[in-house]
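Heads up, the thing below is written out as structure tokens.
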Amino acid sequence: MAGDGELKLLGMWASPYVTRAKLALQIKGLSYEYVEEDLGNKSELLLSSNPVHKAVPVLIHDGKPVCESSVVVQYIDEAFAGAGPSLLPTDPYERAVARFWAAYLEDKLVAPWMRLFRVKTDEEMAEVMRQMIAAADALEGGLKQCSEGKGPFFGGESVGYVDVLLGGMISWVKATEVFTGAKIIDAAKMPLLAAWMERFCELDAARAVLQDVGALVETEYARAVQARFAAAAPNN
């Protein structure tokens, strides 16, 4: 495995943000020590490494912490430029396009998905699902723009920055579809994105780090949302 300096990743198994960091490390072929955190009883190492958000993932490289999943993925790509494929394009315009879709993904798909675990009314729940499905539909166009004539991924022939950020969410997207009964990525309406998801899941890196969907469905977070959906369902 390639790599310069000691790498340690502080994470929590169910976190899609930690999965992003794991994917980037796996794709780049880097050896690292993984430390599972109990977020109900955070370690002193986590609190001192990320005193602002006190959240995972935190990548510690030679004793220096890097926080926030999108920043961690970019850091891995830049700090280990000679290891594995590049995640961000070298062309400035293509890099800007990748960063645009990365920002869109965070704002329009991930942010509503996080709100799903805090909604209190049926109306809020329906609005969150509407926003997520609309965002996935827009990402279908983003994938077409990024991949057209270049390959099957947002990064073209190989997995890129947007692929890693969205790829880290795949298991939770599937779990959310299970416990809500609503299709977020519908192959009939979003054939490119659906095919992308299948292709991504077949990658060795994805097989190595993506969470088991059934295990996610059984988490307390998912069960809480599932109970709300069940309560909101009309009685037959």
Spacing of NZ belonging to Lys174 relative to CE belonging to Met197, to within rounding of 0.5 Å:
5.5 Å
How many angstroms lie between atom CD of Glu127 and atom CE of Met125, to the nearest 0.5 angstrom?
13.0 Å
Side chain to side chain, Gln74 and Arg99, heavy atoms closer than 4.5 Å
yes
Hey, is CG on Asp38 packed in by over 12 heavy atoms from elsewhere, all under 6.0 Å?
yes
Report the relative orientation of the aromatic rings in Phe80 and His61; use parallel for angles under 30°, tilted for 30 to 60°, perpendicular for over 60°.
tilted
List the atom of Ser86, the atom of Lys28, and the distance in Å for their closest heavy-atom pair.
CA-NZ, 4.2 Å
Determine, stepwise, if the pair Leu25 / Leu7 fulfils side-chain contact (heavy atoms from CB on, under 4.5 Å).
CA-CA 10 Å; Leu25 290 163; Leu7 282 171; 4.1 Å; yes
Using side-chain heavy atoms (C-beta onward) and a distance below 4.5 Å, is Val97 in contact with Phe154?
no
Grouping I, L, V, M, F, W and Y whenever their side-chain heavy atoms are under 4.5 Å apart, do Trp172 and Met12 come out in a common cluster?
yes
Val35 vs Ile60, test: side-chain contact (heavy atoms from CB on, under 4.5 Å). Steps then yes/no.
CA-CA 11 Å; Val35 179; Ile60 303 175; over 6 Å; no
Are more than 12 heavy atoms, taken from residues, nucleotides or ligands other than Glu36, located less than 6.0 Å from that residue's CD atom?
yes
Apply salt bridge (Lys or Arg N to Asp or Glu O under 4.0 Å) to Glu220 and Arg223, showing your working.
CA-CA 5 Å; Glu220 59 180 308; Arg223 284 186 172 191; over 6 Å; no
Cluster overlap Val119 with Phe179, hydrophobic side-chain contacts below 4.5 Å
yes
State, with a plain yes or no, whether a side-chain heavy atom of Leu23 is found less than 4.5 Å away from one of Leu203.
no
Are the side chains of Ser171 and Thr19 in contact, using a 4.5 Å heavy-atom criterion?
no
Might you work through the side-chain contact (heavy atoms from CB on, under 4.5 Å) test for Ser49 and Lys8, ending with a clear yes or no?
CA-CA 11 Å; Ser49 299; Lys8 181 180 292 186; over 6 Å; no
State the CD1-NZ distance between Ile133 and Lys183, to the nearest 0.5 angstrom.
11.0 Å
Side-chain heavy atoms nearer than 4.5 Å, only ILVMFWY residues, links allowed to pass through others: does that put Leu10 and Tyr75 together?
yes
Determine yes or no for a side-chain-to-main-chain donor-acceptor pair under 3.5 angstrom, with Gln211 supplying the side chain and Ala14 the backbone.
yes
Could you check whether atom NZ of Lys42 has more than 12 heavy atoms from other residues, nucleotides or ligands sitting under 6.0 Å from it?
yes
Indicate the atoms forming the closest heavy-atom contact of Val164 with Ala24, along with that distance.
CG1-N, 4.3 Å
Donor-acceptor pair, distance only, cut-off 3.5 Å: does the side chain of Glu6 make one with the backbone of Gly63?
no
Compare every heavy atom of Ile184 with every heavy atom of Glu177, then report the nearest pair and how far apart it is.
OE2-N, 2.9 Å
So which atom in Asp77 and which in Pro85 form the shortest heavy-atom distance, rounded to 0.1 Å?
OD1-O, 4.1 Å
Expected output: side-chain Gln26 to main-chain Lys22 donor-acceptor under 3.5 Å
no
With a 4.5 Å limit on heavy-atom distance, are the side chains of Val56 and Tyr17 in contact?
no
If hydrophobic clusters are built from ILVMFWY residues whose side chains come within less than 4.5 Å, do Val71 and Val52 share one?
no
How many angstroms lie between atom CG of Leu192 and atom CZ of Arg199, to the nearest 0.5 angstrom?
9.0 Å
Glu202 CD to Glu198 CD distance, which is reported to the nearest 0.5 Å:
7.0 Å
When every non-hydrogen atom of Glu106 is compared with those of Arg20, the smallest separation belongs to OE1-NH2, 2.6 Å
In the single-linkage hydrophobic clustering (I, L, V, M, F, W, Y; side-chain heavy atoms under 4.5 Å), do Leu47 and Val18 co-cluster?
no
Nearest heavy-atom approach of Ala55 to Leu46 is O-CD1, 3.5 Å
Within a strict 4.5 Å, meaning less than it, do heavy atoms of the Val162 and Tyr104 side chains meet?
no
Do Leu193 and Leu166 touch side chain to side chain, with heavy atoms closer than 4.5 Å?
yes
Counting only N and O atoms by type, is there a donor-acceptor contact under 3.5 Å from the side chain of Asp163 to the main-chain atoms of Phe153?
no
Is the backbone N or O of Ser43 less than 3.5 Å from a side-chain atom of Glu37, with the two atoms forming a donor-acceptor pair by type?
yes
With side chains defined as the heavy atoms from C-beta onward, is the minimum distance between Thr219 and Trp13 less than 4.5 Å?
yes
Kindly indicate, with the supporting measurements, whether the criterion side-chain contact (heavy atoms from CB on, under 4.5 Å) is fulfilled by Met129 and Leu116.
CA-CA 8 Å; Met129 291 303 297; Leu116 187 65; 4.1 Å; yes
